[in-house]
Amino acid sequence: MKIRAAFSLVLCSGLLSSYSAIVAAQAAPSPTPSADHHDRKPDDIFKLKPLGGNVYALYGRGGNVGFYVGPDAILVIDSQFKDIAPGIVDQIKSVSNKPIKFLVNTHHHGDHVGGNEVFKQFAMILAHDNVRTRMLASPVDIQRDYPAHLEEAKKAGDAAMTKFYSDQIEWAKKVKVEDIAAPVLTFDSEFRIHMGDETIQVWHLPPAHTDGDSVIYFEKAKVLHMGDDFFNKIIPFIDTSSGGSARGYLAALDKVLARVPAGATVIPGHGEVTDIAGLKAFRQYIADVVDAAQKARSAGKTREDFLKDVDLPAYKDYSGYKDRFKANAAAAYDEAR
Ligand SMILES: [Zn+2]
């Protein structure tokens, strides 16, 4: 849906370096590749990867899609953006013509739910309670927050952002809440879907990327879709304005690592498909950020001094280090005791 794609993309600015790039990525007919998928050309944004057990990963322009082909129906995880959702459906149809009956949203950001408007025509959309709450609140949030951003964009002479904010405000004024393609079946802790001989587990985790995060585990295929609770070799975005938390990331990752077998295949929200070792490497990054913040706080360092000096050279080659590392460190400092 238009607004979510835009609104949450700003929140997920994690993946693109500037608001202008975000707007360009949305407005341009040929997609601007995101940092993690820079090797794919605009006319070749999709990459399909079979993972065994009838589970597939589908890379595109937003958060990684996962899908499972059951004996009677297909379940999809995340829908990227509205404009490329028909392309996602085509990719799935190239594997199987079975009906797409379920769409699970890992969280509310627009690069994961933007295509819901397309999927809701044929699939039941499921997600954590907070995903629905945040999506339905977006018109009010936009009307409250965007006029100030619009003024800033006008002052800065940024035509693209001026248009972006104007369009969003217009949309927020007009949209009927019941027309927002939010999940229709929501849950608070976990549930399972049974399709053929596969059991698909959906777990809500402690607040990490947002306060509505879910991960999906295919028991028989041993494939785990982490949503944005895992950015593979990419500095994550911790959306503290949507209840996200650096320490929460650790709790969430530990919960997952305790439940999933060592041989599992892991689909991150962004970046390449990997394994449990890849997931553990990401946990180590979060642990190192939290540790650095805690040490600084314990030593009486001010927030300002900490953010000026903090550096974790081991992660400098992660995409987005320049753009998001300090924000991760700030979140960790604010939570340190
Ligand atoms: Zn996200």
Report the residues that fulfil side-chain contact (heavy atoms from CB on, under 4.5 Å) with Arg132, sequence neighbours left out, ordered by chain and then residue number.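 Residues passing side-chain contact (heavy atoms from CB on, under 4.5 Å) with Arg132: Leu136, Ala182, Pro183, Thr186.
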
Between His204 and Phe187, how do the two ring planes meet: parallel, tilted or perpendicular, split at 30° and 60°?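 The rings of His204 and Phe187 stand perpendicular, inter-plane angle above 60°.
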
Hey, what's the ring geometry for Tyr165 with Tyr146, parallel, tilted or perpendicular (30° and 60° as the breaks)?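 Ring orientation of Tyr165 relative to Tyr146: perpendicular.
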
Any ion pair linking [Y] and [X] (charged N to carboxylate O, less than 4.0 Å)?
X: Glu152; Y: Lys155; result: no
X: Glu190; Y: Arg259; result: yes
X: Glu117; Y: Lys82; result: yes
X: Lys47; Y: Glu272; result: yes
X: Asp254; Y: Arg283; result: yes
X: Asp309; Y: Lys301; result: yes
X: Asp317; Y: Lys233; result: no

Just checking, any donor-acceptor pair under 3.5 angstrom between side chains of [X] and [Y]?
X: Asp141; Y: Ser138; answer: no
X: His128; Y: Asp213; answer: no
X: Asp78; Y: Asn64; answer: no
X: Asn130; Y: His108; answer: no

Begin from the C-alpha positions of Ser79 and His112 and carry the test side-chain contact (heavy atoms from CB on, under 4.5 Å) through to its verdict. CA-CA 5 Å; Ser79 61; His112 298 257; over 6 Å; no

Ring center gap for Phe231 and His209 short of 6.0 angstrom: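 Yes: the rings meet the under 6.0 Å criterion.
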
Quick one, Val69 with Lys98, criterion side-chain contact (heavy atoms from CB on, under 4.5 Å). Give me CA distance, side-chain angles, the key distance, then yes/no. CA-CA 8 Å; Val69 181; Lys98 286 172 186 152; 4.2 Å; yes

Quick one: CG on Leu257 to CD1 on Ile276, what's the gap to the nearest 0.5 Å?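 Nearest 0.5 Å value for the CG-CD1 distance: 6.0 Å.
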
Atom pair CD (Gln168) and NZ (Lys163), whose distance is rounded to the nearest 0.5 Å: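 Gln168 atom CD to Lys163 atom NZ measures 10.0 Å (nearest 0.5 Å).
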
Who are the ring pair (Phe, Tyr, Trp, His ring centres under 6.0 Å) partners of Tyr315, not counting sequence neighbours?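 For Tyr315, the residues satisfying ring pair (Phe, Tyr, Trp, His ring centres under 6.0 Å) (neighbours in sequence not counted) are Tyr285, Tyr318.
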
Does Asn105 reach the main-chain N or O of His107 with its side chain, forming a donor-acceptor pair under 3.5 Å?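 Flag not set: sc Asn105 to bb His107 has no pair under 3.5 Å.
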
Please lay out, stage by stage, how Tyr249 and Asp229 fare under the test side-chain contact (heavy atoms from CB on, under 4.5 Å). CA-CA 7 Å; Tyr249 251 108; Asp229 276 4; 4.3 Å; yes

In terms of heavy-atom contacts, does [atom1] of [X] have more than 12 from other residues, nucleotides or ligands at under 6.0 Å?
X: Lys280; atom1: NZ; answer: no
X: Lys322; atom1: NZ; answer: no
X: Lys222; atom1: NZ; answer: no

Is Arg297 close enough and on-axis enough to Tyr333, meaning under 6.0 Å and within 45°, for cation-pi?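 Positive - Arg297 is close enough to the ring of Tyr333 and near enough to its axis.
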
Could you list the residues that satisfy salt bridge (charged side-chain N to carboxylate O under 4.0 Å, His left out) with Lys49, not counting sequence neighbours?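 For Lys49 there are no salt bridge (charged side-chain N to carboxylate O under 4.0 Å, His left out) partners, ignoring immediate neighbours.
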
Determine whether Glu335 and Ser245 satisfy the following criterion, side-chain contact (heavy atoms from CB on, under 4.5 Å), listing intermediate values before the conclusion. CA-CA 8 Å; Glu335 293 170 27; Ser245 156; 2.9 Å; yes

